[in-house]
Amino acid sequence: MSTEVAPEPVRSRRFKFNWVDGFLWFLRVAALIAIVVGVVGSIQQFADGEGPSAAAWRDLIVSSISTGSMYGLIALGYSMVYGVLGFINFAHGEVFMSGTMVGLISATMLFENGFWDSNPWISILVVLVVAMITSTLVAVAIERVAYRPLRGAPRLIPLITSIGVSFFVQYSFAGLFGVAIRNYPPAPSQLSGNVDILGIPIAGTRLLVIGVAVVSMIGLWYFVTQTKTGSAMRAVAEDKEIAGLMGIDVDKTIVTTFAVGGAMAGVAGLLWALLFRGVDFLTGFLPGIKAFTAAVLGGIGNMPGAMLGGVLLGLFEGVGPQLVLAGLGIPAVSQLKDAVAFAALVLVLIFRPTGLLGERLGSEDRV
Amino acid sequence: MPLLEIRGLEKQFGGIKALGGVDFHIDEGEIVSVIGPNGAGKTSFFNVISGMFPPDDGTIVFDGDNVAGHLPNEITKRGIARTFQNVRLFPNLTVLENVMVGQHCRTKQGIWGTIFQTKAQREEEQMIEDNAKEVLSFFGTRLAGYRHDQPAFVLSYANRRRLEIARAMATEPRLILLDEPTAGMNPKETVELTELIGKLRSDRGLTVVIIEHDMKVVKNVSDRVVVLDHGVKIAEGDYDTVSTNEDVIEAYLGRPHGEAGDDEESEYE
Amino acid sequence: MSLDPLTRRWGLIGGAIMAFTGAIGMLVSFDERILISPILSLGYLTLLLAPAIAGHMAARGKVSVLEEPEHDVAQGAQKGLVAGLIAGVFAVVFMLAVNPFDLSEFFPNINDRMFDMMTFDFGLGLGSVVLIVASALAGAAGGAIYGLDDEPREGVFRSAIWVILFSLFELVVSDVIEVDAIVDLIYARGGGLHIWSAIIIGVLAWWLGVRYKGRRAELTQMAKDSEAGSRLRWSLIGVAALLVIVLPMLVGGIVNELLINVALFILMGLGLNIVVGLAGLLDLGYVAFFAVGAYGMAVLTSPLSPAFSPELNWWVALPVVMVLAAIAGVLVGTPVIRMRGDYLAIVTLGFGEIVRILILSDWLTPFLGGAQGITRIPGIPLGATSVSGTSPELFIYMTMLLVGVAAYISYRTQESRIGRAWAAMREDEDVAEAIGISTVQAKLLAFVTGAIIASFAGALFSAKVGTVFHNSFDVLVSIIILVVVIVGGMGSIRGVALGALILIGVLGGPKSQGLLGEFAEFKLLIYGAILVYMMLQRPEGLLPSVRRSRELHQEEAAQDAWLDKKGSFIEEPEASV
Amino acid sequence: MSDRTPVLAFRDVNTHYGAVHILKDANIEIYAGEMVCLLGGNASGKTTTLKTILGYVPPTTGHVELDGENVNGWSTAQRVANGVTMVPENRRLFKRMTVRENLEIGAYLRHGEDLSEDYDRVFDLFPRVKERLAQKAGTLSGGEQQMVAMGRALMARPKVLLMDEPSMGLAPKLVAQNFEIIDRINKAGTTVFVVEQNANMALSIADRGYVLQTGRIVLDDTAEALMANPQMREAYLGDI
Amino acid sequence: MNKKRSLRFLAVIGVLSLVVAACGDSGAEFEAGELGAVTVEAGEAIQIRSLNAISGEVAFLGIPNERAIRMAVEDYGQIHGHDVEVGAGLDDLCSAEGGQQAAQTIVSDEQVVGVIGTSCSGAASGAMPIINDAGLAMISASNTSPSLTSDLEGTAGENYYEGYYRTAHNDLFQGQAAANFVFNNLGLTKVGLIHDGDPYTNGLTTAFENAFEELGGEIVIHTAVTVGQTDMVPVLTEVAAAGPELIFMPIFPAEATFIVQQAPGVSGLENVEWMGADGISVENFMNLPESEGMYFSGPDTRFAENTNEATDLNGAQFLEDYESEFGEAPSADFWGHAYDATTMLLMAIEEVAVVDGDTIHIDRAELREYLTGISGFNGLIGEISCDEYGDCGAAVISIFQHNNLADHQASKSNILYTYPES
């Protein structure tokens, strides 16, 4: 799709007027105007001393980025599976939830015998490992049982399967763990305080969350681009048949992909525990959809895109309502948080149909 | 006035110039072959003409109107039909349905007619079916009889190529673009198809542009041959002129065995 | 005797299922439903079905295309016994492993009630032995059944299925029979069949099956052979229509209420079927159109609509609602028109959520009532009376009328120029465009038609319930409609109806109960399991359309011509957008 | 020749796809150093033959031998590790990966071995490839891609190189070039098994040939004899 | 399954036989009122039904209600020699359509005399048209929406139907109580309100807003979270920006948990007081360290001393029985209301029943009339009197401060305010 209008017939793009394009242009312009007016309104409010204080804005932004980086980690799993198998694994949110849920058992046990407070770092590490192992196992099991028999099926089939898996895992956990919401023990005191970064106080847990996300992302990037398994993964993503011909065990590589995606979801599970503490069997649902949105926002199949998409989505939904909608004079804006997130997705896709970092495929790939 | 006249056609994909200012024309009733090495931009050329991609620059004047930048369905409606290099049928539709759907742009019954089963709608459906059968009969017994109700995916490779041509014919085009119609066919089938292409012109009055690697086919069917390389036209003329053109030999045909120079480098460029 | 790995595998799977259903509390919860009084509850059926199926599968062994399967009762029973034994031992090991710990803090359903249930109230010691024996016997029975010849095996299956159906659907049966004396003859007071009535039903099912063997096949063949427009076809249609008209009179309010719920989902299923099944646009936000229909009708007819309250008659409001839905279809459809597959899925899902969030938001509360919804929506005026959910035996006819309209629209479009264009677009969008189909038009038409059909459902819903709240329109509804379409058979009208009947009618919908109220807690678990099972075993759905089953069984149906097809034999993910 | 062990052999192989009988009692023997071609039209079972060699399609009866060993039940990876490599039709490079990565993947199963010698061999055959090492494979021209595809296969140090339709859809010059290279690879000691529809071209460089028709091997002779076979001339060589 | 369906069966045959059947059915000497009557033959049980949210997110509310209903029926014993049967607990799914469907099930059995339910106000709006049409009486233990009864000043609510009663308090009542407390006792004038999109929570915040503004206070922000939301920083930032002195959030535990846990990370909320309502005065929320110091409004649950006059059971005894039977304390605060509602219904049945040998006749219109006339009934929740719109709440709202993390039951006794002020 061309994003430019060229009215003169000689330099002919899609010069012929087309009302779909017209409508999309209308949307783009309307959105831009709304955003500009809203932001100006908010700035005006801020200047008038209304609306959130500077400190509140700071907290909001930091919190949005940390939530967003958690989305990003989950989104990586969507993106990796999409890259390799070409379908959206709706059950990935449940993979994330399982890590958080089982991690809770270890955290509760550690808390009950006092280890949590005496050795917070080791405790967090233990929870991290438990969450990662659980999520990895769940992801691999799902692949084995539900997706492997579907290799080669039209892509709608595994997608629907993943919806089924998602229900199944959710309600299995509801049955196993009960439906009540449970809470992780409060973050150890060493973490709950503020840390000064360049003179700006930032909540320790949020900083840790962002740090863990960055480290995981770098580790994953190294794994995918610099190791043999990583290049095998990319090869399988591009052409399973040929990868198999080169001696790559395609099934094993796919399992690896699920495992790595699961492990990242497990890390996200720990981050969830640090950020929100409360867990129930539906914990994976909304973050799952958000992460999926983030993956698409960044350009699905693209790993840096997933991370970027996650952080941006966190910012859109966290800061967006306050920054744009409040400025437009809409009441109770944070209620519209999720609507803003999805609207942002629609807008981004209208501007860039392949997502932010999604590749525009060349003619060879397309036709 | 030529049926199709193209000037300065340009198209880039991610920094790679697929078409670098191609001029081209074809008169009503002509059969022109487009040849060139792999990756020379032949298929991109078809894609741009048929509207799959808008050109970056240039004009495509078909029957007096510039159609550059129009949507593919609009271009098809104006009378340019095409087939695809790697055969793209609707595999789960029956043979007959594949052809019937080709007449979409020549028919007009909408949702109301469909829901209320108006007389006009019923007549049109009948007409679509009759036309489709008529088009299929063009291929003799190959796609006739029980084949009508078979899903397209059970067809043999050659029959799929034929069906794709039939589907293109059903759009009632004036110009038909055939992308490697004989690829993957055995010599017998190739000969048969070559004759068929001739019949497209003689029986159906179609103008044909064809991309082909099989030089026998090119020699047999074309009035004129256009050679593309790196998105640029490097030669044009009748078969004999083109096939002896040094640039064409260098870029595309290669020298017959034994004639190759000793210069290894040049051989593998 | 060496252990066949397949037997071991099925035994372990069976055992895992036993342990799993116990640990999630399913067995205990199902135990409250008596099937055959007093010997069998749904819980024990579930518990013993696992080893029985394991035994059956173990006896079946590996199925080869080339060889006729062998049927031998003794051998089947033996294999089944071993598989059942393994399953039972697994379940016991599970119980013994978890028993020493107090896990109730984390696993509330691993509790005494579970142990009591799984050990048949005999205590852990003796009970374990009993469980193993019972499981082994169930496995042996399952295996032996496989070993039977075709005819008796079918007889056993038929009897078992009918007995289970009669006991599960006690509510319907007693609602239809209506005469207390007869109901009491069949069912025990506390629920469940009497033993003797179960036996009679089983024997009858067997006998009728044998007696009319071949007749059914003959009949269906006859129905198939009857040409469209022929006398036979018309009389068949007539009989079906008569049945549909008379049926609601025969059943009571509960079943009619249930049927209305089912019909609403058939309606939405038919609409979504046009979008997804025919046009191939994966819409995960279909509920948005349902919401537009429901809220549109509420605003137009309710005297309590907050801002704008014309208090129109339902019939007058309906066309307005349809127009609103069509506009919504265009508004949602246009931005996504250039998006494909998965992008379309997430964006439509987003639209669905946006609509729900906006309805709820305090921002639009002055217009749509926000959290307080819109109430006092009048029913559908019909002559002197007004039909609403308070009289389901009349309202069902309204729903059926609109279902009929939607089915007719689907049926007509499917085999027409428009239907072919959709089919082509579904198969290959680029090519469809290249052969002269305006995909923009085709997509919008699909969206709009789908939206209008969903708005029918919404309009009915408002009039039926009398109130609308935002929580009736969450994303789960979209997904369940999709599941209905998929399980029933994409692209197939009959399939959608069957899917809705089974899922919504039996298991229950997102906001309604099905016949099996006991399943409520586990409804979505079962939905998930059904969905996965269907996708693995019968991805085309229960009653698929021809095209759809072609698509999914291309490989099997293909002649060797297709084997040499160009391209890969492992399908590559298509490059997106 | 029967006293030697064939590098690759089919022994009475039958394959089914669902209920469809594809290969019917196929017997093929390929000896070290040979260049053998398998000719056949569409739907004759050529692709199935390749899939059977690589283990994607299990024979229902009969077996495939590598170096005299029955390899039924081996995974594709095992077979590749034992010296079977294929150059697929249409090149099929990993377009989003660099040329170097493509070559590395060719040597995927050769863990920890020094690859410099193999690189040299590839660069020797295709000097052009060396210049393009850091480029994304998708940006190369058609001819260059063909070279990388062959280089990638050679990186596995195959005992038998399978070529799937090396002339399909290629410009005449490229077809000639391809067969030239195949010839050279064969002369350099690699056994080559070419599956082709273009019988003229294939027979011009092959030692022997098999002709496959609807799953059955109907002819099996030296290249010269096949060229001279009148049936052959009519059906596959385009003389009508 | 013992149900009388003769009328419906005959409807199929035709109007004529319907008339005949109807005549034949009412041949007894007992004269039924305009809503008809239920005749319980010898040996049969009197049928009542329980309709509560027993699955899903709001099950914590519905399950103790249903249990209390069963306990009440058991404690009450036989009525004129007939057992009382509740049948399987019906689920209102906390939604209008769920309520409607369940109501359909209830009215399909013509032997049913009355219903105890629903748990959620939305469900009542779906169920009542059908319940009312069938002439039944329904008493809810936990519906609080004003629209179901009246505005307490003599105007019927928009969803008021005859035959509807409740022992739960009207939101307007609690709104007034909470507003009074905040304005008068705490002396705060700037309040932020958070609801969660549920009709109940939204109704309560709206009631608070009206009452508080009436008193002269200022609602600086009235916003909402959504059910299932976890990231509360944006909404808290929005609230903080408005500068409230107290935040009143009558929402449910899941979202409230996230709010109190994340509030410390938001600048501007450091000195804010928090107040919740009965939705979160539950164990798992009050176990959170962050919940300490919060105020809670809700029905006064100091029922220990109150005795239900129909069963002679006091609150302390009830809780003891409950714990011994179900192994846990009730998960919500409306058990007393449910118990009283049930005994009220049973008492009404007993009073209006016309005994005819072993058979009894219960006239539906008279049943309603009796319920409307209830006055000064002593229940667990206090003295119950019904008004003409069915509000029967004992109407004591108490507000306590959570000051004892270790023992939240003790906190519940730390009552700072009760309404009406005595």
Side-chain angles (χ1 to χ4, degrees), chain B residues 13-16 35-43 85-86 154-161 179-180 182-192 194 211-218 227-231 243 248-260 264-269, chain D residues 20 39-44 46-47 89-91 95 124-129 131 135-136 138-147 150 165 167-181 183-184 196-201 204-205 213-214 232-240:
Chain B
F13 289 109
I16 299 172
I35 62 173
N38 298 77
K42 303 185 298 291
T43 296
Q85 189 179 0
N86 43 354
V154 305
L155 295 182
S156 72
Y157 188 71
N159 264 341
R160 275 184 242 159
R161 285 248 181 243
D179 198 344
E180 297 196 31
T182 71
M185 287 189 171
N186 68 31
K188 243 182 183 162
E189 292 163 340
T190 304
V191 171
E192 201 183 301
T194 313
I211 294 176
E212 188 52 71
H213 280 310
D214 189 330
M215 295 313 286
K216 270 192 227 152
V217 177
V218 172
V227 189
L228 293 185
D229 189 20
H230 293 295
S243 63
V248 177
I249 291 171
E250 183 60 35
Y252 180 65
L253 294 173
R255 280 169 232 283
H257 246 0
E259 282 180 40
E264 296 275 308
E265 275 297 286
S266 70
E267 177 75 2
Y268 297 120
E269 265 171 6
Chain D
V20 188
L39 305 171
N42 288 301
S44 59
K46 293 185 313 240
T47 310
E89 181 189 325
N90 274 336
R91 314 182 285 273
K95 290 189 184 127
D124 203 32
L125 273 169
F126 315 112
R128 214 39 195 273
V129 169
E131 298 163 25
Q135 230 169 307
K136 287 251 162 73
T139 63
L140 302 185
S141 77
E144 287 166 342
Q145 289 193 12
Q146 188 69 42
M147 295 177 208
M150 293 209 192
E165 306 250 9
S167 76
M168 178 70 118
L170 291 187
K173 180 180 163 181
L174 219 52
V175 174
Q177 176 199 309
N178 260 345
F179 279 95
E180 244 270 347
I181 297 169
D183 199 27
R184 283 211 284 162
E196 246 306 348
Q197 183 152 191
N198 186 342
N200 265 328
M201 207 67 195
S204 70
I205 56 165
Q213 221 164 39
T214 57
M232 188 62 206
R233 295 204 67 85
E234 193 192 320
Y236 294 99
L237 300 174
D239 292 0
I240 302 174

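Convention: sequence-line order gives letters A, B, ...; per-chain numbering from 1. If you're wondering where the values come from, they're calculated on a predicted model, not measured in any experiment.
Using a 4.5 Å cut-off between heavy atoms, B/E212 does not touch chain D at all. Within the 4.5 angstrom heavy-atom criterion, only backbone atoms of B/A251 (N, CA, C, O) approach chain D.
Of the possible donor and acceptor atoms, none in the side chain of B/N38 sits under 3.5 Å from a partner among the backbone N and O of D/G143.
Residues forming a side chain to side chain contact (heavy atoms under 4.5 Å, CB included) with D/S167 (at least two apart in sequence, or on another chain): D/V175, D/F179, D/E196, D/N198.
Shown here for D/K173 and B/E250, the closest heavy-atom pair between the two residues is NZ-O, 2.5 Å. Taking each heavy atom of B/G36 and D/A171 in turn, the nearest pair found is O-CB, 4.3 Å. The two atoms that bring D/Q197 and B/M185 nearest to each other are OE1-C, 3.4 Å, heavy atoms only.
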